[in-house]
Amino acid sequence: MTNEQFIALAKDLVAAATEKNIPLRVLGGVAILMACPSIDETHPKLQRTFKDLDFVTGQKDFDALAPLLATRGLMLRTKEPMRLVFDKDGVEIEVLGSGFLEDHRIDLGPRLALATPALPLADLLLIKLARVKFVEKDIQDSIALLLDHRVGRGEGEDQIDREYIAKLTGTNWGLFTTTYDNTVELEKILDQYLEPEEAQLVWRRIELLQEDMDKEPKSFTWMVNQFLKRPTQVPR
């Protein structure tokens, strides 16, 4: 399946769910491809192949989704609590409940109404940066988002909401440390993927993310974890 076919399928499934008032949103690499034209147009080092398609939906809408997607030619392969896996023409399609959990739990429920057909840009970026194993595809996708979209405070059609990321990580020490460490890693390797001027632009945008994360008031639990696990970095 080509990139264009992945995008077309993602949009078709979101539209079908929307007709039934089910908030289905794309996440992962295909969502980032949809949001970042520079990947295909000008940056071969950010291009990658896709084998699957990922979605998230609301907890209460989860059970209604399987029969709906079956009408679009998807074959159900796996059904678990808050996880469905389908197959369509050899493509794996995974649907997760909005209590998103990989390495760190992120409640995406309140975010589903903010953008379509994909999640908001800040969520797409945060999910990538929150990976403990920050692998090549996560690096490529994070750089693409930060290259193609400005970083600012508040939701915007073409803006990554730095305030949202700071507030979320300010109450979750594990999410903060993984995310922050990965932004530091990104800064070290930007020149492997971008020309100097573009690398400088992305570096400045990463600095804005880090600035708000540093300044955001931290919860008591966050501070306890920092004191116990990284005592030399306890905020003053």
Side-chain angles (χ1 to χ4, degrees), residues 1-37 39-40 48-131 137-138 141 144-145 148-149 155-161 164-165 168:
M1 188 175 286
T2 66
N3 288 354
E4 291 75 17
Q5 289 172 321
F6 268 106
I7 290 173
L9 176 58
K11 290 181 176 180
D12 176 67
L13 296 180
V14 170
T18 300
E19 288 180 3
K20 300 297 183 180
N21 295 315
I22 298 174
L24 185 68
R25 300 292 178 262
V26 194
L27 70 157
V30 174
I32 292 167
L33 176 66
M34 293 165 67
C36 299
I39 294 177
D40 267 347
R48 61 186 186 87
T49 57
F50 299 98
K51 297 180 180 179
D52 51 30
L53 187 55
D54 300 312
F55 294 90
V56 62
T57 192
Q59 309 284 95
K60 68 181 180 64
D61 301 298
F62 202 77
D63 289 338
L65 205 52
L68 170 65
L69 295 183
T71 67
R72 313 301 291 189
L74 277 66
M75 300 293 295
L76 182 62
R77 299 301 187 199
T78 304
K79 184 175 183 180
E80 300 172 355
M82 295 298 107
R83 179 175 180 261
L84 299 171
V85 180
F86 299 86
D87 178 88
K88 182 176 174 62
D89 302 326
V91 174
E92 182 178 284
I93 298 170
E94 183 177 44
V95 182
L96 300 173
S98 56
F100 188 82
L101 179 64
E102 284 196 353
D103 295 312
H104 305 285
R105 186 179 185 278
I106 303 172
D107 181 10
L108 297 172
R111 310 289 293 173
L112 298 177
L114 299 180
T116 189
L119 285 171
L121 297 171
D123 296 285
L124 296 179
L125 178 61
L126 182 59
I127 289 169
K128 290 293 179 176
L129 292 175
R131 300 257 167 83
K137 66 178 182 177
D138 302 320
D141 289 346
L145 283 166
D148 280 10
H149 303 283
E155 293 294 335
E157 184 178 349
D158 190 38
Q159 178 166 286
I160 297 169
D161 185 359
Y164 162 72
I165 292 175
L168 212 59

Side-chain contact test, heavy atoms from C-beta onward, threshold under 4.5 Å: evaluate it for [X] versus [Y] and give yes or no.
| X | Y | value |
| --- | --- | --- |
| I39 | D148 | no |
| L126 | L168 | yes |
| I160 | I165 | yes |
| D123 | D161 | no |
| L125 | L121 | no |
| V91 | I93 | yes |
| D61 | P23 | yes |
| V26 | L53 | yes |

Minimum heavy-atom separation for [X] to [Y], with atom names?
| X | Y | result |
| --- | --- | --- |
| V30 | A10 | CG1-CB, 4.4 Å |
| A115 | R25 | O-NE, 2.7 Å |
| L24 | L65 | CD1-CD2, 3.7 Å |
| E155 | P120 | OE1-CB, 4.0 Å |
| V56 | L27 | N-CD2, 3.5 Å |
| L124 | G28 | CD2-N, 4.3 Å |

Working to the nearest 0.5 Å, report the span between [atom1] of [X] and [atom2] of [Y].
| X | Y | atom1 | atom2 | value |
| --- | --- | --- | --- | --- |
| D52 | D87 | CG | CG | 11.5 Å |
| L69 | L84 | CG | CG | 8.0 Å |
| F50 | E92 | CZ | CD | 15.0 Å |
| T18 | I22 | OG1 | CD1 | 9.0 Å |

Requested in this report: Give a yes/no verdict on a cation-pi contact between R72 and F86, requiring under 6.0 Å between NZ or CZ and the six-membered ring centre and an angle within 45° of the axis.
Outcome: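 The answer is no; the distance or angle limit is not met.
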Query raised in the report: Should the heavy atoms of other residues, nucleotides or ligands under 6.0 Å from NZ of K11 be counted, would the total exceed 12?
Result: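 At most 12 heavy atoms, drawn from other residues, nucleotides or ligands, come within 6.0 Å of this atom.
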Query raised in the report: Is atom CD of E157 surrounded by more than 12 heavy atoms (other residues, nucleotides or ligands) closer than 6.0 Å?
Result: no
[X] side chain to [Y] main-chain N or O, any donor-acceptor pair under 3.5 Å?
| X | Y | result |
| --- | --- | --- |
| H104 | R131 | no |
| R77 | V85 | no |
| Q159 | G156 | no |

Query raised in the report: Salt bridge check: are R48 and D141 linked by an N-O gap of less than 4.0 Å?
Result: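 Counted as a salt bridge, because a side-chain N and a carboxylate O are separated by less than 4.0 Å.
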Ignoring hydrogens and angles, write down the donor-acceptor pairs under 3.5 Å from the side chains of residues 94-101, residues two or more places apart or on other chains.
| residue | atom | partner | partner atom | Å |
| --- | --- | --- | --- | --- |
| E94 | OE2 | R83 | NE | 2.5 |
| E94 | OE2 | R83 | NH2 | 3.3 |
| S98 | OG | Q59 | OE1 | 3.4 |

Requested in this report: Take T57 and F62 through the side-chain contact (heavy atoms from CB on, under 4.5 Å) test and state the conclusion after the steps.
Outcome: CA-CA 7 Å; T57 192; F62 202 77; 3.7 Å; yes
